[in-house]
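Counting begins at 1 with the first residue of the sequence. Remember, it's 1-based here, ligands and their atoms both numbered in the order they're listed.
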Amino acid sequence: MENRDIDEIKKDITMSESAIESVLQEKRLFTPPAEFSQKAHIKSIEQYHQLYKEAAADPEAFWAKLAETELHWFEKWDKILDWQPPFAKWFVGGKINISYNCLDRHLTTWRKNKAALIWEGEPGDSRTLTYLQLHREVCQFANVLKELGVKKGDRVGIYMPMIPEAAIAMLACARIGAPHTVVFGGFSAEALRGRLIDAEAKLVITADGGFRKDKVVALKAQVDKALENNSAPSVEKVLVVQRTKEPIHMEAGRDFWWHELQKNASADCPAEPMDSEDVLFILYTSGTTGKPKGVVHTTGGYNLYSHMTLKWAFDIQDTDVYWCTADVGWITGHSYIVYGPLSNGATSLMYEGAPRKSNPGCFWDIVEKYGVNIFYTAPTAIRAFMKMGEELPKARDLSSLRLLGTVGEPINPEAWMWYNRVIGGDRCPIVDTWWQTETGGFMLTPLPGATTTKPGSCTFPFPGIIAEVVDLDGNPVAKNQGGYLVIKHPWPSMIRNVYKNPDRFRRTYWENIPPKDGQHFYFAGDGARIDEDGYFWIMGRVDDVINVSGHRLGTMEVESALVSHPAVAEAAVVGKPDEVKGEEVFAFVTLEGDRIANEDLVKELKQHVVKEIGAIARPGEIRFTDGMPKTRSGKIMRRLLRNLAAGQEVAGDTSTLEDRSVLEKLRGGA
Ligand code: PRX
């Protein structure tokens with residue numbers, strides 16, 4: 001929430017009160033089925049309360065006990081938590097390797113030949129890797145990385161389709177202690193370049209391309225563009241997986257085929273003992289200011305937290321086939337496709353494609369084909385399926401499902417009910433998980449064998465998480481009142497820093513609500529309320545971040561992209577509510593004097609944003625205007641623009657507006 005006018009934010013929270021009204025009416029309760037609870041890791045609400053109490057009384061002892069029993073350590077830590085606000089270190093002095101915990105330790109058990117990854121390609125090809133096979137591939141690839149000069153501490157960029165090699169690459173980096181930075185394959189060459197430069201990546205792992213929505217996504221061509229004219233000078237080498245077999249350019253001395261190096265690599269590569277606080281990965285995410293920030297996660301705490309949250313909140317059991325539909329380019333893919341499931345010795349399903357015109361029912365085909373037991377997706381997907389009708393899922397046998405999860409944005413009660421009835425057959429608990437790139441794992445979530453759920457609420461904090469809803473002075477707000485969601489005690493997978501930018505780390509997360517009496521508040525950037533039964537309800541972002549189909553986008557990022565076009569003088573971007581996507585990008589644009597607003601320019605500007613950021617940022621609508629509504633101090637009043645984009649009456653105070661005629665014109669769509 002850097003550079004944000006606090007008064008404006010306060011108004012936003014008040015405005016959201018109307019949104020509260022609708023969910024306040026939500027009184028339906030869903031208790032866990034008895035049969036589910038009996039077999040679950042956490043069997044009752046009493047057990048949850050007991051764990052919660054124990055963790056709150058002594059968080060350090062609570063996490064230390066779990067770290068000891070659930071993970072393998074090469075060397076034990078000297079100190080559980082070193083908290084120098086806002087910098088936390090967990091299991092200080094401990095030596096650990098997450099790739100060891102995800103692979104090696106399962107090989108001495110019956111899981112050796114259990115499926116670790118089941119992969120389904122979009123064109124219909126598939127592959128299963130057992131823990132033994134995955135271990136071998138990871139070791140070989142780790143040796144390939146070493147041969148190419150990657151050393152402990154070197155950053156490696158990963159820009160891949162959803163193929164097993166993406167997970168192999170991540171685990172191989174972790175194995176040798178090279179922090180990875182995965183860049184979602186839907187980001188443009190420009191966006192990729194920015195991240196590679198910031199992370200000073202030494203090597204990039206990519207593929208010739210991938211298959212998505214019946215198209216070939218030409219990833220290697222984007223990498224070539226990102227590296228053009230040595231514009232990301234830290235990058236020395238590029239490793240390319242052959243996926244689509246489309247012709248690509250291979251630059252001699254820089255580019256290497258994965259399969260050629262992999263086939264001769266030794267499968268002997270012991271996992272490097274990492275310091276618990278060594279960086280595991282950097283993942284870029286959108287914030288309020290223009291450039292995405294590199295969220296830094298370290299090894300031991302992240303390993304523990306992603307492991308425990310998957311185990312308890314998704315009740316992962318050894319017989320489960322578990323499927324998370326996210327992409328490894330997002331934190332959900334990191335924690336809940338790769339690290340959390342594999343650390344638990346689970347079977348994790350990966351799908352390369354997405355529902356598309358030629359196969360809108362592909363998700364249900366896959367559930368039936370592999371007998372998926374646990375299914376985790378985003379509300380935007382659920383709403384899209386609702387629109388398509390019940391016939392598609394009903395035509396498939398979904399009886400294997402026993403638990404459903406959701407993440408990424410608030411789920412409206414109607415979508416929750418549909419998910420419950422049509423996909424879950426009224427028998428699967430729904431786990432609505434609230435968390436963020438920065439939190440590393442679920443923070444607010446039901447435990448499915450214990451928690452009675454309410455449609456649209458992410459229920460309660462995970463044991464060890466002290467969450468509250470407060471005002472800007474850090475005082476808890478009254479029941480059912482909107483406020484800011486904060487976390488009051490460090491947790492093991494907490495963001496450690498913004499890469500190379502500790503100031504931004506402090507400002508963004510720790511200064512919006514200043515520390516009080518030694519209490520520090522992690523500011524999540526979300527509005528929330530707690531109801532009379534203690535249930536948390538997320539109301540959405542309170543900063544200039546919008547959520548398009550569960551993907552986080554900084555409005556200023558899109559604005560910077562727009563103003564980099566020569567026709568644009570000024571741009572302001574807001575989220576417009578959208579029935580399926582949650583929000584859509586809506587841009588107000590002022591043109592340079594000589595430019596004429598027309599449909600061709602709209603198209604050109606939309607394409608320009610795609611080129612600068614990626615298709616996820618493409619504005620749904622662009623409205624040209626002669627001027628922006630600004631305060632006397634020159635700040636754009638986005639609140640008014642949000643009202644206009646949503647087609648609502650402009651609400652709240654407009655007395656600080658400098659020129660009221662601007663508003664009149666905007667209303668008229670001029
Ligand atoms: O606004 C919240 C929303 O997504 C934001 C985090 O985005 P990102 O870091 O990209 O991570 C997404 C996947 C963890 C949050 O600040 N969000 C995430 N989960 C939920 C949610 N909003 C409501 N309910 C959720 N379950």
Within a distance under 4.0 Å of any heavy atom of [X], pick out the atoms of ligand 1 and give their elements.
X	answer
P410	22 (N), 23 (C), 24 (N)
V407	13 (C), 14 (C), 19 (N)
W435	6 (C), 14 (C), 15 (C), 18 (C), 19 (N)
D432	25 (C), 26 (N)
N547	3 (C), 4 (O)
R552	6 (C), 7 (O), 8 (P), 9 (O), 10 (O)

Please confirm whether [X] comes within less than 3.5 Å of ligand 1 when only nitrogen or oxygen atoms on both sides are compared.
X	result
T433	yes
R541	yes
G408	yes
T285	no

(message) Can a side-chain donor-acceptor contact be found between D531 and W537 if the only test is distance below 3.5 angstrom?
(response)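 Yes, side-chain donor-acceptor contact under 3.5 Å.
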(message) If only side-chain N and O atoms count, and only distance matters, is there a donor-acceptor pair under 3.5 Å linking Y499 with R155?
(response)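 Their side chains do contain a donor-acceptor pair, which is all the 3.5 Å distance test asks for.
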(message) Pair Y305, W63 - check ring-ring contact (aromatic ring centres under 6.0 Å, His included), show working.
(response) CA-CA 9 Å; Y305 199 77; W63 292 118; 5.5 Å; yes
(request) Provide, to 0.1 Å, the distance between atom 13 (C) of ligand 1 and the closest protein heavy atom, together with that atom's residue and name. (result)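 Ranked first by proximity to atom 13 (C) of ligand 1 is T332 OG1, 3.4 Å.
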(message) Judged on heavy-atom distance to atom 15 (C) of ligand 1, which of L444, D526, T445 sits nearest?
(response)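 It is D526 that holds the nearest heavy atom.
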(message) Regarding atom 11 (O) of ligand 1: of the candidates D543, V545, T437, which has the closest heavy atom?
(response)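 Among D543, V545, T437, the closest heavy atom to atom 11 (O) of ligand 1 comes from T437.
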(message) Check whether F586 forms a cation-pi arrangement with K576 (NZ or CZ under 6.0 Å from the six-membered ring centre, at most 45° off the ring normal).
(response)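 Not flagged: K576 not positioned over aromatic ring of F586.
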Less than 4.0 angstrom from a charged side-chain N to a carboxylate O is my criterion; do [X] and [Y] meet it?
X	Y	result
R28	E26	yes
R552	E438	yes
K293	D198	no

(request) Could you please spell out the steps behind the side chain to side chain contact (heavy atoms under 4.5 Å, CB included) verdict for F87 and N497? (result) CA-CA 8 Å; F87 298 99; N497 214 333; 3.6 Å; yes
(message) Just to be sure I read this right, does ligand 1 sit under 4.0 Å from the backbone of E409, its side chain, both, or neither, counting only heavy atoms?
(response)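 The backbone, only.
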(request) Please name all residues satisfying salt bridge (Lys or Arg N to Asp or Glu O under 4.0 Å) with E352, sequence neighbours left out, ordered by chain then number. (result)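 Partners of E352 under the salt bridge (Lys or Arg N to Asp or Glu O under 4.0 Å) test: R243.
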